[in-house]
Amino acid sequence: MAERDNEANRFSARAARYARVGANMGGVAARMAGARLFGGDARDASNAAALAQALGGLKGPIMKVAQLLATIPDLIPPEYASELQKLQSEAPPMGAAFVKRRMQAELGPQWQSRFGSFDLNPSAAASLGQVHRAMTKDGENLACKLQYPDMQSAVEADLKQLEFVFALHRRMDPAIDTREIAKEIGERVREELDYEREARHASLYAKALADVDDVHVPQVHPELSTKRLLSLQWLEGEKILQFVESPVEIRNRLAIAMFKAWWHPFSHAAVIHGDPHLGNYTVFSEGREARGINLLDYGCIRIFHPRFVGGVVDLYRGLQTNDRTRIVHAYETWGFKNLSNELIDILNIWARFIYAPLLDDRVRTVADGVKPGEYGRRQAFEVHKALKEKGPVTVPREFVFMDRAAVGLGAVFLHLRAELNYHQLFEAEIARFSLEGLAQRQTEILGASGLPIPL
């Protein structure tokens with residue numbers, strides 16, 4: 001008989017979460033509805049601040065979802081994005097006694113004997129779990145990510161509230177049909193609960209980046225990991241923002257490492273890291289000089305069918321040669337449907353923005369005179385304004401995290417004030433590209449990592 005999972009999606013835990021989240025969200029919804037009833041604007045800054053305040057007292061996965069919404073351009077009104085980006089995703093840490101009980105539930109009564117040492121005080125606390133420093137019996141430093149209790153129930157309850165937020169957005173502003181976006185976010189957040197899957201993601205990235213020396217991936221310790229506990233090699237590093245005033249050659253070196261960390265796995269295995277949060281990577285040094293990037297978190301990984309990568313290459317080549325047929329083929333490959341000439345022109349506004357540094361064969365910044373937090377906002381506003389007249393458009397699920405990752409990566413380049421030839425970097429990643437070759441490499445890497453092939 002299978003062992004009973006005491007922390008599976010439980011009705012009692014969901015009900016308690018519904019009550020907490022629903023009460024806060026309901027008050028904001030009533031306020032917004034009242035504004036519309038009396039001729040006001042439901043999108044004004046005071047309502048956005050009220051929503052942020054309601055979410056800010058809740059912690060847990062709804063915070064992660066809120067911050068995620070804020071990083072996808074044009075998904076929510078700008079005033080809401082601005083407020084949600086201010087939220088901190090850190091939850092109150094579990095105390096030492098609680099940590100002991102959690103660890104015993106994962107590794108058994110003698111769990112401490114399996115480590116050389118284990119710090120009961122967390123080194124970091126986030127929305128779904130907290131990280132503890134530890135050491136193997138052989139003396140290797142570890143980062144042990146321990147999930148908070150009842151997170152599956154909390155996630156399911158919070159995703160129901162997410163559906164409410166999206167429905168409210170469609171009523172306020174129906175230019176973009178957000179239903180597929182909601183499904184995509186829900187699937188990715190559920191995956192983040194499964195630390196066994198995250199361990200396989202880390203293995204996947206170790207294989208995909210094996211030939212990239214300036215990006216380090218931590219080794220997984222499966223004997224000290226479970227579905228809710230992930231033990232990884234501790235990679236020493238410093239926060240990337242500590243290098244924004246470094247000499248330009250250092251900043252450029254780190255930007256190149258970031259470029260490879262995103263684009264190399266995408267072009268060689270059809271996977272992308274979908275979370276651009278600055279806390280997900282640190283800088284490693286050799287000989288007291290910054291050399292590259294540590295990739296630390298593998299919860300939010302998007303695995304694509306190779307044809308999606310083919311669409312990215314087709315759109316790039318189509319924009320490069322002004323080949324409208326190839327451009328349209330790329331959009332259709334991604335899953336955009338019923339595209340009129342007007343809608344194609346609107347999508348091209350966004351495409352030309354995202355691809356601009358890749359198409360420009362010269363050393364340049366990713367976007368002159370733009371602040372990291374504003375990257376993509378103006379173009380998103382133009383697209384939104386045009387879609388109000390010619391839309392709506394349904395955004396395909398696969399597009400969501402690709403778009404988010406591209407904007408997040410651009411913001412990192414702006415933080416670093418990197419000056420690179422992005423065109424040559426991208427051309428090197430797609431040199432000799434073929435769908436058949438990509439499919440073969442992906443099958444080998446996913447199979448070796450214990451991950452399914454995308455349909």
Side-chain angles (χ1 to χ4, degrees), residues 72-74 176 180-181 184 208 259-260 262-274 301-361 366 376 379-380 382-383 386-387 390-391 393-410 421-443 445-446 453-455:
I72 301 177
D74 205 37
I176 295 178
E180 289 299 308
I181 297 174
E184 176 70 9
F259 189 96
K260 292 178 180 178
W262 256 253
W263 284 110
H264 194 76
F266 183 72
S267 60
H268 289 72
V271 296
I272 203 159
H273 197 298
I301 301 298
R302 194 17 160 130
I303 302 173
F304 299 92
H305 190 283
R307 63 174 171 264
F308 185 87
V309 183
V312 171
V313 175
D314 278 334
L315 184 53
Y316 170 73
R317 296 298 184 201
L319 292 170
Q320 199 174 37
T321 60
N322 202 25
D323 184 343
R324 192 173 179 87
T325 300
R326 195 166 185 177
I327 290 170
V328 174
H329 175 69
Y331 292 142
E332 291 175 343
T333 298
W334 287 348
F336 284 97
K337 300 182 185 301
N338 304 318
L339 290 176
S340 64
N341 283 326
E342 291 87 352
L343 285 176
I344 292 166
D345 290 338
I346 294 169
L347 291 176
N348 281 348
I349 296 172
W350 187 245
R352 292 186 189 282
F353 160 70
I354 290 291
Y355 280 88
L358 306 181
L359 293 166
D360 196 5
D361 189 7
V366 75
Q379 291 77 11
E382 290 180 34
V383 170
L387 286 176
K390 304 297 182 181
V393 65
T394 300
V395 178
R397 288 181 60 173
E398 286 187 318
F399 187 77
V400 175
F401 280 88
M402 180 69 194
D403 194 29
R404 180 180 184 237
V407 172
L409 187 57
N421 189 316
Y422 295 97
H423 171 78
Q424 291 184 9
L425 288 170
F426 188 67
E427 285 284 346
E429 291 299 339
I430 63 171
R432 299 178 298 280
F433 173 81
S434 76
L435 283 176
E436 295 79 11
L438 174 58
Q440 181 178 347
R441 285 193 303 272
Q442 185 191 60
T443 298
I445 291 176
L446 291 183
I453 307 299
L455 300 176

field: Single hit among Ile430, Thr321, Ile327 for side-chain contact (heavy atoms from CB on, under 4.5 Å) with Tyr316
entry: Ile430
message: Under the side-chain contact (heavy atoms from CB on, under 4.5 Å) test against Tyr422, which residue among Leu359, Asp360, Leu358 passes?
response: Leu358
Quick one: pull up [atom1] in [X] and [atom2] in [Y] and give me the separation to the nearest 0.5 Å.
X: His268; Y: Phe433; atom1: NE2; atom2: CZ; value: 10.0 Å
X: Arg302; Y: Arg397; atom1: CZ; atom2: CZ; value: 6.5 Å
X: Leu319; Y: Asn348; atom1: CG; atom2: CG; value: 6.0 Å
X: Phe266; Y: Met402; atom1: CZ; atom2: CE; value: 4.0 Å
X: Leu435; Y: His305; atom1: CG; atom2: NE2; value: 9.0 Å
X: Leu315; Y: Asp323; atom1: CG; atom2: CG; value: 11.0 Å

Taking all atoms of both residues into account, what is the closest heavy-atom pair of [X] and [Y], and its distance?
X: Leu446; Y: Pro454; answer: CD1-CD, 3.7 Å
X: Ala208; Y: Ala269; answer: CB-CB, 4.4 Å
X: Phe259; Y: Glu429; answer: CE2-CG, 4.2 Å
X: Trp334; Y: Phe399; answer: CZ3-CE1, 3.4 Å
X: Ile354; Y: Ala406; answer: CD1-CB, 4.1 Å
X: Leu438; Y: Ala270; answer: CD1-N, 3.8 Å

- prompt: Is there a side-chain contact between Trp263 and Leu409, using heavy atoms and a 4.5 Å cut-off?
  reply: yes
message: I'd like to check Leu339 versus Leu347 (side-chain heavy atoms, cut-off strictly below 4.5 Å). Are they in contact?
response: yes
statement: Across all chains, not counting sequence neighbours, the ring pair (Phe, Tyr, Trp, His ring centres under 6.0 Å) partners of His423 are none
task: Sequence neighbours left out, what passes ring pair (Phe, Tyr, Trp, His ring centres under 6.0 Å) with Tyr355? Give chain and number order.
output: none
N/O donor-acceptor pair under 3.5 Å between Trp262 side chain and His273 backbone: yes
query: Checking Gln442 side chain against Ile303 main chain: does a donor-acceptor pair fall under 3.5 Å?
result: no
message: Show, in sequence, the C-alpha distance, side-chain angles and deciding distance for Asp345 and Arg324, and conclude whether the salt bridge (Lys or Arg N to Asp or Glu O under 4.0 Å) test is met.
response: CA-CA 10 Å; Asp345 290 338; Arg324 192 173 179 87; 3.1 Å; yes
